[in-house]
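Since the structure comes first, as structure tokens, the remarks are kept for the end.
Computed from heavy atoms alone, side chains included, the values below leave out hydrogens, waters and symmetry copies. For clarity, every value in this text was computed on a predicted model and none was experimentally measured. Numbered from 1 within each chain, the chains take letters A, B, ... in sequence-line order.
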Protein chains: 2
Amino acid sequence: MTEPDRSDHPERRRRKMQSVTMSDVARAAQVSPSTVSLYLRKPEAVSERVGARVADAIETLGYVPNFVAGGLAAATSRVVSVTVPSLRNAFFSETVTELERLLSGRSLHTLVGHTEYSLEQEERLVRAALSWSPAAVVLTGHTHTDTTRDLLARSGASVVEMWDFGPDPIGRSVGFSHHAVGRCIADHFASQGYGSGAFAGARLTEDARAAQRAQGFLDGMRDRGLSARLVEVAGPASTGAGADLLSRVMEDPVRAVACSNDTVALGVMFEAARRGLRVPQDLAVAGFGDLEFAAQTIPPLTTVRPPAKRIAAAVAEAVLLGPDGDAPRRVDVKFAFCRRGSA
Amino acid sequence: MTEPDRSDHPERRRRKMQSVTMSDVARAAQVSPSTVSLYLRKPEAVSERVGARVADAIETLGYVPNFVAGGLAAATSRVVSVTVPSLRNAFFSETVTELERLLSGRSLHTLVGHTEYSLEQEERLVRAALSWSPAAVVLTGHTHTDTTRDLLARSGASVVEMWDFGPDPIGRSVGFSHHAVGRCIADHFASQGYGSGAFAGARLTEDARAAQRAQGFLDGMRDRGLSARLVEVAGPASTGAGADLLSRVMEDPVRAVACSNDTVALGVMFEAARRGLRVPQDLAVAGFGDLEFAAQTIPPLTTVRPPAKRIAAAVAEAVLLGPDGDAPRRVDVKFAFCRRGSA
DNA sequence: TTGTAAGCGTTATCAG
DNA sequence: CTGATAACGCTTACAA
């Protein structure tokens with residue numbers, strides 16, 4: 001029990017140090033530091049009497065644990081790195097929100113990064129993430145640079161890919177088929193007898209998932225013997241982009257438009273109104289995302305709802321599971337078609 | 001290229017450890033670990049020859065630095081904790097995005113947390129944040145629990161409050177007057193001679209900034225001798241909430257409605273259309289946020305643009321500045337009124 | 001159930 | 001400009 005007396009410690013003032021450490025708590029509670037550590041990590045493994053004393057000491061001293069030291073000693077930190085293309089995108093901000101909520105309940109902390117759809121940027125973020133000995137690395141999609149895959153493999157980190165599947169997943173993956181989403185819209189258009197259609201896409205070169213939805217739509221239409229073409233803009237999906245896209249589509253009019261996402265669909269609907277086109281009589285419109293406003297547009301927007309929360313939940317579970325274990329490495333969360341008035 | 005021989009390390013198999021450490025790099029580069037460390041932190045302080053050798057060793061060994069160990073040794077980590085009420089809210093997702101971008105350029109990593117407008121939740125997040133010996137803690141608003149303030153004060157962490165000012169800022173603060181925003185809308189309504197008005201608010205009890213905008217609006221209207229009332233819903237600001245709010249407002253019709261934010265305004269406009277009310281002839285509508293879709297609505301939405309990016313930039317600067325120094329502790333970033341067709 | 005002791009991989013000090 | 005050395009605060013075998 002001979003704890004070092006800090007007051008006569010010659011080095012005490014060398015750097016700014018933590019005021020109350022685990023040793024201080026241990027001393028106050030008359031136990032060893034390892035007992036405090038144990039109590040903090042598995043309270044049930046400590047006797048009730050000792051536990052109470054430790055809790056008391058923590059309370060009165062105002063002890064704040066040092067996760068940095070803990071992470072170093074344990075060789076793995078309580079950090080989960082979450083990387084998404086963009087946080088402005090409602091899909092991803094919802095996923096991150098929910099994920100952060102679930103993880104923080106397990107005292108895991110979320111380190112966010114956004115790539116703006118750049119794989120090089122993703123590589124940089126992964127490199128930084130690995131420097132934190134993270135409990136897990138969560139990535140969006142399955143397209144990564146070779147270096148990224150290499151870095152991840154060599155680090156042995158627990159990896160989860162989300163929102164999409166790849167042929168060769170790195171660790172676990174959680175998502176759904178975006179190609180099927182596109183087909184689903186095409187099927188609906190076909191069933192309504194609209195005839196010709198167009199896909200109004202944004203940033204398709206970079207956004208692999210939007211590109212898959214577009215391809216699924218085109219494939220679906222063609223399989224049904226319907227004509228369909230692709231119109232796209234390079235910039236981010238936005239209401240303004242939607243308006244532009246409809247103008248482009250109307251250069252060679254179609255009866256139905258499937259959009260990159262609901263934001264684009266909103267722009268398409270505004271532009272249709274400006275042009276005096278009635279939806280759905282003159283033009284059918286479908287979106288993707290079932291964003292908050294989708295049920296409020298006039299008419300309400302027909303769209304596809306991706307299960308952002310279910311993705312977050314499954315990802316959280318995958319993170320908790322770790323790389324090993326016999327749980328399925330691939331979780332298909334499905335999506336739901338939301339038929340409303342616009343198509 | 002002499003690979004480190006770890007096999008003779010008796011403890012090597014105790015736990016999963018880092019494969020390539022700084023010592024390995026040092027050995028490969030024929031220098032001491034301190035030199036490698038120095039090179040990594042200030043390359044210019046190391047001779048060119050040695051620097052090149054170290055860089056080589058890092059490259060060939062594939063060394064990934066360990067920030068956890070670094071943070072422990074330095075007593076301050078490269079983590080910045082950023083806490084916002086909600087990430088689904090476009091204002092905050094934009095701020096976080098921009099902040100993360102700016103900080104990552106300085107190799108600072110963003111730990112996000114969201115409070116759902118709960119101060120208790122904020123306290124929990126701050127407690128967790130402090131466990132990381134963060135380079136800075138960024139908070140939204142100036143209302144915190146006593147414990148939060150206490151924790152922050154005792155830790156000596158660098159604190160930045162954003163989006164709003166308080167009478168007693170903890171560290172630095174960056175924001176603008178939300179009360180002035182409300183007044184600004186009221187002034188505009190008055191100048192247009194609309195007469196009576198209403199504020200359509202969401203979650204005003206928890207969202208202190210929205211409440212201030214409401215109060216500013218009410219004060220502004222009254223100062224001009226105009227009648228104005230407050231209509232509010234408890235849930236989050238959304239398009240659906242906007243529609244509900246307009247229904248409530250029309251129980252006792254007014255000529256002009258100021259909204260909690262643009263999302264609510266969008267709902268108000270949709271509901272107005274459903275009711276056959278022409279905007280702005282029958283009803284003037286103003287929002288807050290200048291969200292992406294604001295310029296696309298029919299008619300385009302009159303709103304107020306908060307400088308989300310400027311906030312992020314000023315916060316990043318404050319983070320870099322640290323708590324000391326003679327730079328002003330309080331930065332007022334202003335806002336811009338966007339007159340468009342709806343009011 | 002609790003304690004002892006040996007690290008974890010860096011940074012910071014100080015001397016050369 | 002470079003290197004030896006002592007922390008940093010905690011976890012984890014292992015022993016008691």
Legend entry - A:S37 side chain near D:dT11 phosphate (N/O to OP1/OP2, under 4.0 Å): yes

Legend entry - Closest listed nucleotide, where the reference is the side chain of B:N66 and the choices are C:dT11, D:dG9, C:dG9: C:dG9

Inset, instruction - Measure from CG on A:L130 to C1' on C:dT10 and round the result to the nearest Å. - result: 17 Å

Inset, instruction - Tell me which nucleotide among C:dG7, D:dT2, C:dT2 gets nearest to the side chain of A:A73. - result: C:dG7

Legend entry - Nucleotide C:dT1, atom P - distance to CZ of A:R53 in whole Å: 15 Å

Legend entry - Ring centers of B:H109, B:F67 separated by less than 6.0 Å: yes

Inset, instruction - For A:V46, report the nucleic acid contact type (base, sugar-phosphate, nothing); a contact means any heavy atom under 4.0 Å. - result: sugar-phosphate

Legend entry - Rounded distance in Å - CG (B:L72) to P (C:dT11): 11 Å

Inset, instruction - Report which part of the nucleic acid B:V68 touches: base, sugar-phosphate, or nothing (heavy-atom distance under 4.0 Å, all strands). - result: nothing

Inset, instruction - Please state how far atom CH2 in A:W132 lies from atom C1' in C:dT10, giving the value in whole angstrom units. - result: 12 Å

Legend entry - OP1 or OP2 of D:dT12 under 4.0 Å from side-chain N/O of A:R41: yes

Inset, instruction - May I have the distance from A:K42 (atom NZ) to C:dT1 (atom P), rounded to whole angstrom? - result: 11 Å

Inset, instruction - Would you kindly give the CG-to-C1' distance between B:L38 and D:dA4, to the nearest whole Å? - result: 15 Å

Legend entry - Results of side-chain contact (heavy atoms from CB on, under 4.5 Å) for B:E98 - residues two or more places apart only: B:R101, B:L102, B:K309, B:A312

Legend entry - Cationic N near anionic O, under 4.0 Å, B:E123 to B:R127: yes

Legend entry - Touch class at under 4.0 angstrom, heavy-atom based, for A:Y39 against every strand present: nothing

Inset, instruction - Look at A:D24 together with A:R27 and state whether they make a salt bridge at an N to O cut-off of under 4.0 Å. - result: yes

Inset, instruction - Check whether any side-chain N or O of B:S23 sits under 4.0 Å from OP1 or OP2 of C:dG9, and answer yes or no. - result: no

Inset, instruction - Examine the side chains of B:T115 and B:S118 and answer whether a donor and an acceptor come within less than 3.5 Å of each other. - result: no

Legend entry - Among B:R329, B:R149, B:R330, salt bridge (charged side-chain N to carboxylate O under 4.0 Å, His left out) partner for B:D168: B:R149

Legend entry - Proximal nucleotide (of D:dG9, C:dT2, C:dT11) relative to the A:V50 side chain: C:dT2

Legend entry - Side-chain N or O of A:T35 closer than 4.0 Å to phosphate OP1/OP2 of C:dG3: yes

Inset, instruction - Nearest whole angstrom, please: distance from the C1' of C:dT2 to the CZ of A:R49. - result: 12 Å

Legend entry - Nucleotide nearest A:Y63 (side chain, heavy atoms from C-beta), chosen from C:dC8, D:dC10, C:dT4: D:dC10

Inset, instruction - Look at the side chain of A:S34 and the base of C:dG3, then say whether one donor and one acceptor between them are separated by less than 3.5 Å. - result: yes

Inset, instruction - Send over the distance from A:M22 CE to D:dT12 C1', rounded to a whole Å. - result: 12 Å

Inset, instruction - Report the nucleotide, chosen from C:dT11, D:dC1, C:dT2, that has the shortest atom-to-atom distance to any side-chain atom of B:A74. - result: C:dT11

